[in-house]
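A short write-up of the structure that comes next.
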Amino acid sequence: MRKINMSLDVYDKILMLAKRRGFIYPSYEIYGGVAGLFDYGPLGAQLKQNIENLWRSYFLLQDGCFEIHTPTMTPFEVLKASGHVDEFTDLTVDCPQCATSFKVEDITKDSRTLEEAIQADDMNCPTCGTKLINPHQVNLMFATKIGIGKTRDAFLRPETAQGIFTGFHLLYRYAREKLPFGVVQLGKGYRNEVSPRQGPLRMREFSMAEAEVFFDPSNKNHERFAFVEDNMLLLFDNEKEMKLSLKEAVEKKVIKNQALAYYMFLTQSFLLDAGVKPEKFRFRKHADDEMAHYAQECWDAELYSERFGWVECVGIADRSAYDLSSHINSSGTDMYALRRYDEPQLTKRKKIIPKMNVLGPLYMQKAGAIKEALENYVITDETDEITVEINNEPIVVSSESYEIKEVMEKEIGEKFVPHVIEPSFGIDRIIYMLLEHNYKEGIKNDEEYHLISFRPHVAPVKTGVFPLINDDKLTSVAKNIDFSLRMDGIYTVYDDAGTIGRRYARMDEIGTPYCITIDFDSLSDKKVTIRDRDTTEQKRIPIDSISTYLKDLLESKEKVRV
RNA sequence: GCGGAUAUGAUCUAGUGGUUAUGAUCGUAGCUUCCCAAGCUAUGCACCCGGGUUCGAAUCCCGGUAUCCGCACCA
């Protein structure tokens with residue numbers, strides 16, 4: 001008889017189960033393991049794929065975003081422009097008295113460089129005045145080099161978002177130059193965590209699903225807002241939890257705009273649909289001082305863990321024009337969008353047309369620069385000559401070298417940098433939370449019993465297929481049923497070992513929602529028993545309808561109400 | 001990164017400076033078994049890594065790695 005070990009908490013038990021049954025376990029353990037790296041085993045990989053595809057059904061199908069894939073390896077310039085190089089790399093010193101760390105740049109108020117400050121070694125703790133020690137670099141990005149010999153500095157990406165921003169001009173074309181539109185990416189991100197202590201909740205290489213939705217800042221409404229505005233959001237303002245409809249939340253300015261509220265609702269729907277327990281779910285608004293360097297308003301979807309308390313699993317941020325502006329400035333690429341006027345606007349303007357056949361021979365190699373200067377010259381009144389400055393040298397150009405024309409200029413719209421609303425999902429955290437929220441245990445016939453109540457559409461294995469006993473007549477029928485179900489796209493496990501109860505228990509432990517048993521009656525009446533994991537109720541159904549019957553069950557997912 | 005503790009099959013665990021390292025779960029093969037972890041037989045699998053002390057180290061010591069706890073970090 002196995003006893004429940006009371007000294008273990010849910011986290012310990014889940015990690016044990018996850019390792020034993022092939023969900024998640026530490027990577028490279030035969031070489032000592034690496035903190036913050038985990039393998040997804042056979043069941044974990046299936047589960048993850050189901051979660052990611054469920055996510056796609058919300059963001060790709062329901063919201064109509066485009067999915068792209070960009071490299072994880074990212075040149076230095078990209079992350080310099082995005083602010084990650086500066087924001088992720090901190091020179092820090094510790095206070096032995098207060099047991100806290102400080103950024104050196106916050107401590108050095110004078111004009112010294114950080115290196116000089118370290119060299120002088122005279123920094124004191126702002127709280128207690130103790131001499132600060134142990135200067136060290138805190139760099140949360142993995143640095144690497146691209147190429148052999150002549151190399152380029154690069155990092156493994158800390159988020160997937162930058163790959164979307166750097167292709168914005170092409171994606172804007174793909175979206176037929178209309179806003180809003182969203183682009184999503186599912187993939188790996190990398191952060192060299194100082195001490196990744198919380199298992200799958202803080203990994204150094206992790207899976208994320210991000211959506212970047214581009215808006216005209218003058219209109220952050222969402223087309224489908226009216227369809228969902230009466231739904232409730234579970235909100236927490238750092239003081240109290242509350243339930244507000246989307247409509248109320250936006251009207252009362254609890255949430256800044258429709259788009260943010262809409263994506264919060266999409267996020268909430270996805271998580272509850274995946275099997276997160278509503279009472280262990282909330283949106284928490286970031287205080288001003290905890291927001292990321294790029295964010296304007298940020299809400300976290302937090303999920304509750306028995307061991308860790310409320311954990312951020314999704315961040316929904318209004319990143320405003322921060323990223324695109326940075327890339328426009330750093331790369332010089334035109335990443336503006338156009339807000340079309342209802343009618344094209346015509347304006348009369350006086351324009352200088354340089355005569356190159358005169359300018360060329362006269363000014364030789366300076367002619368090009370003069371041409372450009374003339375074209376940019378703002379005409380105040382008509383004169384016989386214009387003075388332009390080339391390399392700090394005034395040059396007087398007479399009116400023989402140019403012509404002033406009055407032209408009608410047509411402007412069809414106004415250029416602007418789109419704003420971005422970004423829902424960013426930590427897939428691994430969500431998967432751990434699903435395990436924890438759906439884990440059940442108890443004693444059954446003096447034995448410890450585990451069950452994971454995954455919702456059928458996320459469960460890695462959809463059905464077990466068992467001959468009631470290990471008899472050739474039954475096993476051959478069972479194997480045929482098993483094969484044809486898999487050919488119908490239903491992931492099954494065939495099992496003929498041990499008693500039927502043991503096989504049910506094995507399936508319960510990995511969250512398989514249904515089991516099909518073939519008995520001797522099946523040979524004559526062509527029916528099998530289908531057993532429900534949560535109720536253990538059994539029903540007999542014809543063999544030739546198993547596939548459609550199961551598919552109905554797997555697809556008829558009820559919405560979770562809050 | 002700092003301080004403390006821990007490390008035995010896939011999982012949980014007993015134990016010891018000296019033959020073949022304990023038990024359970026588990027896997028495999030077989031017997032048995034007509035619906036919720038029955039039983040029997042056979043069999044498989046382990047002392048985290050490196051160094052030191054010792055005639056002999058899985059056991060003692062040191063270092064590393066990993067995990068857990070506290071502090072710091074987590075844009």
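Only a predicted model underlies this, so the values are computations on that prediction, with no experimental measurement involved. First the proteins, then the strands, lettered A, B, ... as listed; each starts at 1.
Out of B:C35, B:G1, B:A37, the shortest distance to the side chain of A:Tyr449 is found at B:A37. Side-chain atoms of A:Arg202 lie closest to B:C74 of the nucleotides B:C74, B:A66, B:C35. For A:His84, the listed nucleotide lying nearest its side chain is B:A75; candidates were B:A75, B:C35, B:A37. When distances run from any side-chain atom of A:Lys19 to the nucleotides B:C35, B:A10, B:A75, the shortest one goes to B:A10.
Counted by atom type alone, A:Thr70 and A:Gln185 present one or more donor-acceptor pairs between their side chains at under 3.5 Å.
The base of B:C35 lies close enough to the side chain of A:Gln538 for a donor and an acceptor atom to sit less than 3.5 Å apart. Evaluation of atom-type donor-acceptor distances gives no pair under 3.5 Å for the side chain of A:Asp508 against the base of B:C36. Taking 3.5 Å as the limit, the base of B:C36 and the side chain of A:Arg503 contain no donor-acceptor pair of atoms between them.
When the side-chain hydrogen bond (donor to acceptor under 3.5 Å, both in side chains) test is applied to A:Asp534, no partner is found at least two apart in sequence or on another chain.
Contacts of A:Arg307 with the nucleic acid, taken as non-hydrogen atoms under 4.0 Å apart, involve only primed sugar atoms and P, OP1 or OP2.
Place A:Arg506 and A:Met16 on RNA chain B by their nearest nucleotides, and A:Met16 ends up nearer the 5' end.
Contact check, A:Tyr11 against B:C68: a side-chain N or O comes under 4.0 Å of OP1 or OP2.
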Might you list the N or O atoms of the protein lying below 3.5 Å from N or O atoms in nucleotides 38-40 of chain B, with each pair's distance?
residue : atom : partner  : partner atom : Å
B:A38   : OP1  : A:Arg502 : NH1          : 2.8
B:A38   : OP2  : A:Thr499 : OG1          : 2.4

Taking N or O atoms only and anything under 3.5 Å, show me the protein contacts with nucleotides 44-51 of chain B, one pair per line.
none

